[in-house]
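Working notes, beginning with the structure itself.
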Amino acid sequence: MPRIVYFSNVSENTKRFVEKLDLPAVRIPLQASEQIEVAEPYVLVTPTYGNGKDESGVPKQVIKFLNIKKNRDLIKGVIAAGNTNFGDKYCYAGELIAKKCNVPLLYQFELIGTPHDVTTVKERMDLMWKQF
Amino acid sequence: MSDMLISSSESDKKMKLASKITRPVNWNKIEDPIDLEVWNRLTSNFWLPEKVPLSNDIPSWATLRPEEQSLTMRVFTGLTLLDTIQGTVGALTLIPDALTMHEEAVYTNISFMESVHAKSYSSIFSTLSATAEIDDAFRWSEENVNLQRKAEIVLNYYRGDNPLKRKVASTLLESFLFYSGFYLPMYWSSRAKLTNTADLIRLIIRDEAVHGYYVGYKFQKGMELETPAYRAEIKAYTYDLLLELYENEIKYSADLYDPLGLTEDVKHFLHYNANKALMNLGFEALFPHESTQVNPAIMSALSPNADENHDFFSGSGSSYVIGKHEATKDEDWEF
């Protein structure tokens, strides 16, 4: 069964999207000092922060999580949340992680995601897991 | 009735607090991390219309037909009206309902930026148009029934006594009501017209996203304190208000865009943004996927690629940055 690791800040938009997927999911802790390690393949769901030129847009908690080699080794894909109002920075965190970890950017969605987003992501995750 | 009870008990609480002690805002003690995060985002996004080289659009403006020019002016006076409401009434009415002192400070920032937005349309007008045409466009927006109706609906909630309904009205304005207007500069930009004006509008669109996100978030925090029954009532109210505004928005869009045959295209953009407004409030999208498929030309105008700078020589384009400055030195004047 597909597994999710996700980060969501206190506004919990990404958390609400992940809950709608109804898949096993682990949340990266808000406190950057708390670390988690995963043992099985997963897809990462992350929001995009900031839109300045120098910012990566990747939440620092996600960076810390991916700095652990074991976590990096098990990532199979990334799904990013954002807002098209931010122009070319839309879901930038996802593009960056996909490039750095050499995994596909499976999907991009806005805010808490629409029903269409949820169905599409579930389909793509299922398809992906069948290939393992 | 329940509205009355809630607001009176809330204002009682505020009165008691106020009569005891006046507190200075302490930014070293953050109760809600989103306050600081949004404050930082808003201040780092700060911009002024004078930094966008609008005058580069003059040749392009001259290529528009008279009815296209007049449509553009009307769209911008409509947007000016909404920004005026947000700057002088909307964001300010949210201050007394704030849960933290930092939230109050964020609203003052939002209020000021809305006034910057309102003023930036005047920069566009004075750059592109003559006084008589500007006056005509302002008169149109004062006389257009559907635009006035839109303003009236929102203002009623701002003047009302329900903090949650005020936040709903504010979020719908920031995340939905602007977009019938935002459509046009994106449309021109997709045809390589008024591209500097589009740059300025994109800065406004970026700000509105943060405003809608923040007010929507605070709305959700407020909802957490309510009973499930009252939450259901507010949710039903939100969808009702959205539909009321939507019906009006369709008429307003037809007034503007029918002559150019663009109304159907605009509707898709409205559906798409209405869904986002609802999601900012934590509610599920209403309009079905097919009806929210925005013309790809408009979507790509919203998101110009940083390395496809359309107007290299203007120094503007999508990669807008606030200019850096330094003091002049004597050597600077040795030619």
Side-chain angles (χ1 to χ4, degrees), chain A residues 7-22 29-33 47-61 80-96 107-123, chain B residues 32-35 37-38 40-41 44-45 174-175 178-179 182 199 202-214 216-218 220-221 272-273 275-290 292-294 298-308 318-321:
Chain A
F7 177 74
S8 188
N9 79 357
V10 295
S11 73
E12 305 212 315
N13 278 348
T14 308
K15 179 171 180 246
R16 301 187 54 169
F17 175 76
V18 169
E19 280 168 355
K20 289 191 281 186
L21 292 176
D22 198 22
L30 269 171
Q31 291 290 334
S33 53
T48 303
Y49 288 155
N51 61 322
K53 281 212 133 9
D54 309 323
E55 296 172 52
S56 73
V58 183
K60 62 177 188 291
Q61 291 88 340
N83 190 325
T84 55
N85 287 42
F86 294 112
D88 60 331
K89 293 290 172 188
Y90 172 56
C91 292
Y92 187 58
E95 286 172 38
L96 208 89
Y107 198 73
Q108 300 173 312
F109 69 94
E110 295 189 79
L111 305 162
I112 62 170
T114 64
H116 176 81
D117 295 330
V118 172
T119 342
T120 315
V121 166
K122 279 179 85 81
E123 280 168 14
Chain B
D32 184 342
I34 298 286
D35 292 339
E37 193 186 305
V38 168
N40 287 338
R41 174 75 73 87
S44 66
N45 279 0
E174 301 266 17
S175 307
F178 278 116
Y179 288 83
F182 289 156
D199 280 343
R202 275 189 284 265
L203 293 170
I204 297 179
I205 289 175
R206 187 182 70 178
D207 290 344
E208 303 305 2
V210 184
H211 299 172
Y213 164 80
Y214 184 70
Y217 164 74
K218 289 293 178 182
Q220 293 178 61
K221 294 295 276 184
Y272 166 70
N273 285 292
N275 278 354
K276 283 172 72 173
L278 286 169
M279 289 195 280
N280 268 332
L281 290 163
F283 296 131
E284 287 301 324
L286 175 70
F287 292 96
H289 180 67
E290 296 69 34
T292 61
Q293 292 307 292
V294 179
I298 300 298
M299 287 314 282
S300 62
L302 269 175
S303 176
N305 205 319
D307 49 39
E308 284 171 20
S318 52
S319 35
Y320 170 89
V321 276

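Because the structure is a prediction, the values reported are computed rather than measured. Order of the sequence lines fixes the chain letters, A, B, ..., with proteins taken first and strands second; residue numbering starts at 1 for each chain. Every heavy atom of this structure was used, including side-chain atoms; hydrogens, water molecules and symmetry mates were not.
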Inset, instruction - Given side-chain contact (heavy atoms from CB on, under 4.5 Å), test B:Asn275 with A:Leu111 step by step and report yes or no. - result: CA-CA 10 Å; B:Asn275 278 354; A:Leu111 305 162; over 6 Å; no
Inset, instruction - Given side-chain contact (heavy atoms from CB on, under 4.5 Å), test B:Tyr272 with A:Thr114 step by step and report yes or no. - result: CA-CA 10 Å; B:Tyr272 166 70; A:Thr114 64; over 6 Å; no
Inset, instruction - Please test B:Glu37 against A:Asn9 for side-chain contact (heavy atoms from CB on, under 4.5 Å), starting from the C-alpha separation and ending with a verdict. - result: CA-CA 11 Å; B:Glu37 193 186 305; A:Asn9 79 357; 3.5 Å; yes
Inset, instruction - Kindly indicate, with the supporting measurements, whether the criterion side-chain contact (heavy atoms from CB on, under 4.5 Å) is fulfilled by B:Lys276 and A:Asn83. - result: CA-CA 9 Å; B:Lys276 283 172 72 173; A:Asn83 190 325; 2.8 Å; yes
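A donor-acceptor pair under 3.5 Å links the side-chain atoms of A:Arg16 to the main chain of B:Gly282, judged by distance alone.
Closest of all the heavy-atom pairs between A:Ile112 and B:Phe283 is CD1-O, 3.6 Å. Summarising the geometry of A:Tyr49 relative to B:Arg41, their closest heavy-atom pair is C-NH2, 3.8 Å, with the distance given to 0.1 Å.
The NE2 atom of B:His289 sits 6.5 Å away from atom OG1 of A:Thr120, with the distance rounded to the nearest 0.5 Å. Rounding to the nearest 0.5 Å gives a distance of 10.5 Å between OG of B:Ser303 and CG of A:Asn85. In this structure, the separation between NZ on A:Lys89 and CZ on B:Arg206 is 11.0 Å, given to the nearest 0.5 Å. Considering NZ of B:Lys221 and OG of A:Ser11, their distance stands at 10.0 Å, rounded to 0.5 Å. Interatomic distance, CD of B:Glu284 versus NZ of A:Lys20, reported as 3.5 Å (0.5 Å rounding).
Contacts of B:Tyr179 with chain A are made by side-chain atoms alone, with heavy-atom separations under 4.5 Å and no backbone atom involved. Proximity to chain B is absent for every atom of A:Asp117, based on heavy atoms less than 4.5 angstrom apart.
Contacts with chain A were tallied for B:Ile205, B:Asn40, B:Leu278; B:Ile205 has the most, counting heavy-atom pairs under 4.5 Å.
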